[in-house]
Amino acid sequence: MHSLNIHSPAKINLFLNVVGKRPDGYHELESIFQTVSLFDIIELNEKKAGISVKTDHPGLPTGRNNLAYKAAELIRNNYGIKQGVDIFICKNIPIGGGLGGGSSNAATVLTGLNRLWKLGISRSELSLLAAEIGSDVPFFIYGGTALVKGRGEIVFPLEIKNPFHYLLVSPHIAVPTKEIYQNLRLYLTRPKNNGSEIIHCLTTGDSDQISRLLYNSLEAVALGLYPELKAIYLRLQRKLKGKLLVSGSGSTIFRICNSSKEVRRLAGQIRADQTLTKQCRVFTVSSAD
Ligand code: C5P
């Protein structure tokens with residue numbers, strides 16, 4: 001029997017413009033996704049039959065209700081696989097934090113089982129399966145930096161110049177994505193720039209300019225619906241200076257930095273603040289594949 005241990009990365013959104021509402025109820029996006037060096041670890045152990053999902057995190061659904069289960073089920077059904085798999089998720093990525101942890105886990109199971117069972121499924125085919133699981137899952141089939149369109153299923157991978165450094169602050173607040181989209185008023189939210197300016201800065205390597213261009217249509221909704229999140233945002237703004245942004249539908253707030261040294265210095269400032277330490281987890285990360 002075979003087994004695999006794989007990293008399943010978190011993402012942040014450097015740019016997220018909701019372009020409009022679609023007839024299917026989803027929203028049309030123009031977004032820049034970036035995987036970062038914060039990982040869950042997924043262990044896949046082949047077995048004779050059936051699927052099981054277990055995790056070390058008490059707040060995470062196990063079994064059928066976990067997206068990782070759906071990923072394994074899709075692969076088995078679509079490719080007529082008889083073997084089963086035990087999936088264990090070692091959770092480091094906060095849940096409901098706008099970091100795409102569940103979607104990443106599902107994509108990791110798709111790519112992992114493709115390797116484990118030597119199925120030879122192409123990335124574009126895996127990406128189609130991924131879209132059946134959730135809007136953010138196709139991006140994680142590629143990882144790295146990507147321009148993402150449609151409801152999330154159209155992924156254009158981008159080459160960036162060098163690793164960028166980010167400070168992530170994840171409040172202990174789980175924000176349901178659906179609630180944020182339901183409360184979005186499109187006419188109130190329009191970006192001053194478009195994604196192409198940020199893509200240019202990512203390729204030329206200018207973090208100060210990227211900082212100015214960070215944008216998220218969902219930020220105001222999340223801060224409006226969760227006053228305790230807004231209070232943390234304002235406290236961070238006073239402490240850190242520089243531009244902050246909510247990732248995805250929240251609750252994680254991040255800041256781009258010039259160097260790993262600057263990220264560590266700012267993380268130190270937050271950890272010295274007892275109120276923030278109680279309310280949040282702090283991660284120092286860089287862009288990752
Ligand atoms: O696709 P997923 O199940 O991850 O999406 C969760 C919810 O987020 C959807 O039910 C929908 O309300 C909202 N959503 C959206 N437009 C997107 C992605 C998600 O409206 N592009």
Side-chain angles (χ1 to χ4, degrees), residues 9-17 31-39 91-101 162-177 179-180 183 189 191-193 197-198 201-202 205-288:
K11 62 83 179 162
I12 52 174
N13 300 89
L14 303 176
F15 184 82
L16 197 165
N17 180 26
S31 184
I32 299 170
F33 279 60
Q34 173 68 62
T35 42
V36 294
S37 56
L38 166 65
F39 304 99
K91 204 79 197 152
N92 299 310
I93 304 172
I95 299 167
L99 298 174
N162 53 30
F164 288 96
H165 305 278
Y166 301 95
L167 177 72
L168 310 186
V169 180
S170 295
H172 304 306
I173 301 168
V175 175
T177 303
E179 185 193 15
I180 299 300
N183 284 279
T189 53
K192 292 189 189 68
N193 53 298
E197 289 176 63
I198 232 173
C201 298
L202 283 166
D206 190 333
S207 64
D208 286 335
Q209 283 198 35
I210 293 170
S211 179
R212 264 196 317 107
L213 298 168
L214 296 173
Y215 174 81
N216 182 356
S217 300
L218 304 177
E219 178 175 86
V221 189
L223 296 179
L225 284 179
Y226 290 83
E228 65 279 33
L229 179 61
K230 184 158 188 186
I232 293 171
Y233 191 96
L234 294 176
R235 196 177 177 96
L236 284 170
Q237 242 175 3
R238 285 196 297 274
K239 275 216 152 339
L240 300 178
K241 314 284 186 290
K243 168 97 174 173
L244 299 177
L245 195 73
V246 165
S247 178
S249 51
S251 59
T252 297
I253 300 161
F254 72 92
R255 184 192 192 286
I256 188 166
C257 299
N258 288 317
S259 62
S260 55
K261 197 171 156 197
E262 189 188 16
V263 182
R264 285 197 301 273
R265 183 176 64 75
L266 296 180
Q269 280 184 24
I270 295 171
R271 288 179 180 130
D273 181 319
Q274 290 204 352
T275 308
L276 286 172
T277 307
K278 272 192 216 126
Q279 293 173 325
C280 313
R281 287 167 73 191
V282 180
F283 304 98
T284 56
V285 302
S286 56
S287 36

Engineer: Is there a donor-acceptor pair under 3.5 Å between the side chain of Ser251 and the backbone N or O of Val175?
Structural biologist: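 Between the backbone of Val175 and the side chain of Ser251 there is no qualifying donor-acceptor contact (under 3.5 Å).
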Engineer: Do the side chains of Cys257 and Leu240 get nearer than 4.5 Å, heavy atoms only?
Structural biologist: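 They are not in side-chain contact.
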Engineer: Say whether, by atom type as modelled, one donor and one acceptor occur between the side chain of Lys239 and the main chain of Leu234 under 3.5 angstrom.
Structural biologist: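 It does not hold such a pair.
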Engineer: Does Leu225 reach the side chain of Ile180, with side-chain heavy atoms less than 4.5 Å apart?
Structural biologist: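 They are in side-chain contact.
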Engineer: Do you know which two heavy atoms are closest between Ala288 and Phe39, and how far apart they sit?
Structural biologist: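 Of all heavy-atom pairs spanning Ala288 and Phe39, the closest is CB-CZ, 4.3 Å.
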Engineer: Can you name the one residue among Thr284, Val36, Val263 that meets side-chain contact (heavy atoms from CB on, under 4.5 Å) with His165?
Structural biologist: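 For His165, the side-chain contact (heavy atoms from CB on, under 4.5 Å) check succeeds only for Val263.
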Engineer: Could you go through Arg235 and Ile232, starting from their C-alpha distance and side-chain angles, then the distance that decides it, and tell me whether this counts as side-chain contact (heavy atoms from CB on, under 4.5 Å)?
Structural biologist: CA-CA 5 Å; Arg235 196 177 177 96; Ile232 293 171; 5.6 Å; no
Engineer: Under 3.5 Å, is there a donor-acceptor pair between the side chain of Thr252 and the main chain of Gly97?
Structural biologist: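 Yes; judged by distance alone, with no hydrogens or angles, the pair exists.
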Engineer: Can you tell if the side chain of Pro171 reaches within under 4.5 Å of the side chain of Gln279, non-hydrogen atoms only?
Structural biologist: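 They are not in side-chain contact.
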Engineer: So do Leu214 and Phe254 actually touch side chain to side chain, heavy atoms under 4.5 Å?
Structural biologist: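 Phe254 reaches Leu214 side chain to side chain.
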Engineer: How many angstroms lie between OH in Tyr233 and CD in Glu228, if you round to the nearest 0.5 Å?
Structural biologist: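 Tyr233 atom OH to Glu228 atom CD measures 16.0 Å (nearest 0.5 Å).
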Engineer: With a 4.5 Å limit on heavy-atom distance, are the side chains of Ile12 and Val285 in contact?
Structural biologist: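 A side-chain contact is absent here, since even the closest heavy-atom pair is not under 4.5 Å.
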Engineer: When you measure from the side chain of Thr277 to the backbone N and O of Arg271, does any donor-acceptor pair fall under 3.5 Å?
Structural biologist: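 Yes: the side chain of Thr277 pairs with the backbone of Arg271.
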Engineer: To check you understand the geometry: which heavy-atom pair defines the closest contact between Ala222 and Ser249, and what is its length?
Structural biologist: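 In terms of heavy atoms, the two residues are closest at CB-O, 3.8 Å.
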Engineer: Quick one, Leu99 with Ser247, criterion side-chain contact (heavy atoms from CB on, under 4.5 Å). Give me CA distance, side-chain angles, the key distance, then yes/no.
Structural biologist: CA-CA 7 Å; Leu99 298 174; Ser247 178; 4.3 Å; yes
Engineer: When you measure from the side chain of Ser217 to the backbone N and O of Leu16, does any donor-acceptor pair fall under 3.5 Å?
Structural biologist: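 Checking the backbone N and O of Leu16 against the side chain of Ser217, a donor-acceptor pair under 3.5 Å is found.
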Engineer: Specify the closest pair of heavy atoms between Ile93 and Pro9, including all atoms of both residues, with the distance to one decimal.
Structural biologist: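 Smallest interatomic distance, heavy atoms only, reads CD1-C, 3.8 Å.
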Engineer: Using 0.5 Å steps for rounding, measure from the CG atom of Asp208 to the NZ atom of Lys243.
Structural biologist: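 Between Asp208 CG and Lys243 NZ, I get 14.0 Å after rounding to 0.5 Å.
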Engineer: Side chains of Val282 and Leu276, heavy atoms from C-beta outward: is any pair under 4.5 Å?
Structural biologist: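 No. Closest side-chain heavy atoms not under 4.5 Å.
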Engineer: Between Asn216 and Glu219, is any side-chain donor less than 3.5 angstrom from a side-chain acceptor?
Structural biologist: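 The criterion, which ignores hydrogens and geometry beyond distance, is not satisfied for Glu219 and Asn216.
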Engineer: Taking the side chain as everything from C-beta on, heavy atoms only, tell me whether Ile32 gets closer than 4.5 Å to Tyr215.
Structural biologist: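 Answer no - side chains too far apart.
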Engineer: Would Arg255 and Glu262 pass as an ion pair if we require N to O under 4.0 Å?
Structural biologist: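 Salt bridge flag = yes for Glu262 with Arg255.
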Engineer: Search all heavy atoms of Arg281 against all heavy atoms of Pro94 and return the closest pair with its distance.
Structural biologist: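 Minimum heavy-atom contact is NH1-CG, 3.8 Å.
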Engineer: Between atom CZ of Phe15 and atom CD1 of Ile210, what is the distance when rounded to the nearest 0.5 Å?
Structural biologist: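 Spacing of CZ (Phe15) from CD1 (Ile210) equals 13.0 Å.
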Engineer: Please round to the nearest 0.5 Å and tell me the distance separating atom SG of Cys201 and atom CZ of Phe164.
Structural biologist: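 Going from the SG atom of Cys201 to the CZ atom of Phe164 covers 8.0 Å.
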Engineer: For the residue pair Leu202 and Leu14, establish whether any side-chain heavy-atom pair is separated by less than 4.5 Å.
Structural biologist: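 They are in side-chain contact.
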Engineer: Got a second to check how far Ile270's CD1 is from Arg265's CZ, nearest 0.5 Å?
Structural biologist: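 That separation rounds to 11.0 Å.
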Engineer: What distance separates Ile256 CD1 from Arg212 CZ, expressed to the nearest 0.5 Å?
Structural biologist: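 Nearest 0.5 Å value for the CD1-CZ distance: 12.5 Å.
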